[in-house]
Amino acid sequence: NHERQGMVSAKEGIVLMHTLYHGDCLDVLPTLPAQSVDAVITDPPYNVGLGYASYDDKRANYAEWCAAWLAELRRICRGAIVVSVGQANLSTWATIAPPDWWLAWWKPAAMGRCVIGFNNWEPIAVYGKPVKAGCDVIRATITPDSSLAGHPCPKPLEWGVKQVQMFSRPGDTVLDPFTGSGTTGVACAMEGRDFIGVELDAGYFDIARRRIEQVQPALLAEAAD
């Protein structure tokens, strides 16, 4: 299933198209044309046992599974592929496909635990180059948001906005094959980018759609003014 929404960016006067697919990315990605998106910004499951509604976050073939969808992303994307991989998977991703660079997502005051106490950063693998030079540390604070209830690890909006700004231009198409709560899609709607999202879980799909739709009226109103 998929839904298409047209919206107008007040910033650039660009007509945007957002497409959301409800399904498994390994089923959807092969249907997308080669070299058809400008950037990928995504946050896949980390294989650490989180309580996703429709996905078992402990799979024995995790590295092979990641390699399969990364190969599809490389076929589809003509620009940078940016993947939040999780602390536990740094060595795994260095084996799957060593990135061109690592970004650090700094999450001030986070309460996640690690072997030395508290975890306040997460690695982001970058394959390719940014379109806009920036710092390789992204500061994005995790804050409570009742609209995201039901998703075990939603990313803060600032996390998505800063990556969208760094790795794409207004009017570009950005793909997120693990859309989750829709943070990348919301960032694209705010920043004037087309968006393609894929989400396996029906509940998370609805959260993402609702959040993106909430951005649309404000953009249209600003454009009319």
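Quick note: numbers below take in every heavy atom, side chains included, and nothing from hydrogens, waters or symmetry partners.
- Rounding to the nearest 0.5 Å places CG of Leu200 at 10.0 Å from CG of Leu26.
- Looking at Asn47, its side chain does come within 3.5 Å of a backbone N or O of Arg59 through a donor-acceptor pair.
- Side-chain atoms of Thr184 do not come within 3.5 Å of backbone N or O of Asp176 as any donor-acceptor pair.
- Counting only distance, with no hydrogens or angles, the side chain of Thr179 and the backbone of Val198 share a donor-acceptor pair below 3.5 Å.
- The two residues Ser84 and Pro44 make their nearest non-hydrogen contact at O-CD, 3.3 Å.
- Looking only at distances, no side-chain donor or acceptor of Tyr62 sits under 3.5 Å from a matching main-chain atom of Asn89.
- A distance-only check finds no donor-acceptor pair linking the side chain of Lys155 to the backbone of Asp43 [under 3.5 Å].
- In the hydrophobic clustering of this structure, Leu90 groups with Tyr127; members are Ile, Leu, Val, Met, Phe, Trp, Tyr whose side-chain heavy atoms approach within less than 4.5 Å, directly or through other members.
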**OP:** Start with the C-alpha gap between Val40 and Phe167, add the side-chain angles, then the distance that decides, and say whether side chain to side chain contact (heavy atoms under 4.5 Å, CB included) holds.
**Re:** CA-CA 9 Å; Val40 174; Phe167 292 100; over 6 Å; no
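- The two residues Glu122 and Gln87 make their nearest non-hydrogen contact at OE1-N, 3.1 Å.
- Phe178 and Trp65 have perpendicular rings, their planes meeting at more than 60° on a 0 to 90° scale where under 30° would count as parallel.
- Note that the CZ atom of Arg211 and the CG atom of Asp206 stand 13.5 Å from one another [nearest 0.5 Å].
- Atom CG in Leu103 sits 9.0 Å away from atom SG in Cys135 (nearest 0.5 Å).
- The structure places OG1 of Thr42 at 7.5 Å from CG of Leu175, a figure rounded to the nearest 0.5 Å.
- A salt bridge is absent between Arg193 and Asp172; no separation between the charged side-chain nitrogens and carboxylate oxygens falls under 4.0 Å.
- Here the side chains of Ile207 and Arg209 are not in contact, with every heavy-atom distance at 4.5 Å or above.
- A donor-acceptor pair is defined here as one N or O able to donate and one able to accept, closer than 3.5 Å; no such pair exists between the side chain of Thr31 and the backbone of Asp27.
- A salt bridge links Arg75 with Glu72: the closest approach of a Lys/Arg side-chain nitrogen to an acidic carboxylate oxygen falls below 4.0 angstrom.
- How far CD of Glu191 is from CD of Gln165: 4.5 Å, rounded to the nearest 0.5 Å.
- Using a 4.5 Å heavy-atom threshold, the side chains of Ile41 and Val164 count as touching.
- Side chain of Arg78 to backbone of Gln35: a donor-acceptor contact under 3.5 angstrom is found.
- In terms of hydrophobic clustering, with Ile, Leu, Val, Met, Phe, Trp and Tyr side chains grouped at heavy-atom distances under 4.5 Å, Ile124 and Val131 are assigned to different clusters.
- Note that the CD1 atom of Ile142 and the CG atom of Asn120 stand 9.0 Å from one another [nearest 0.5 Å].
- Both the sub-6.0 Å distance and the 45° axial angle are satisfied by Lys107 relative to the ring of Trp105.
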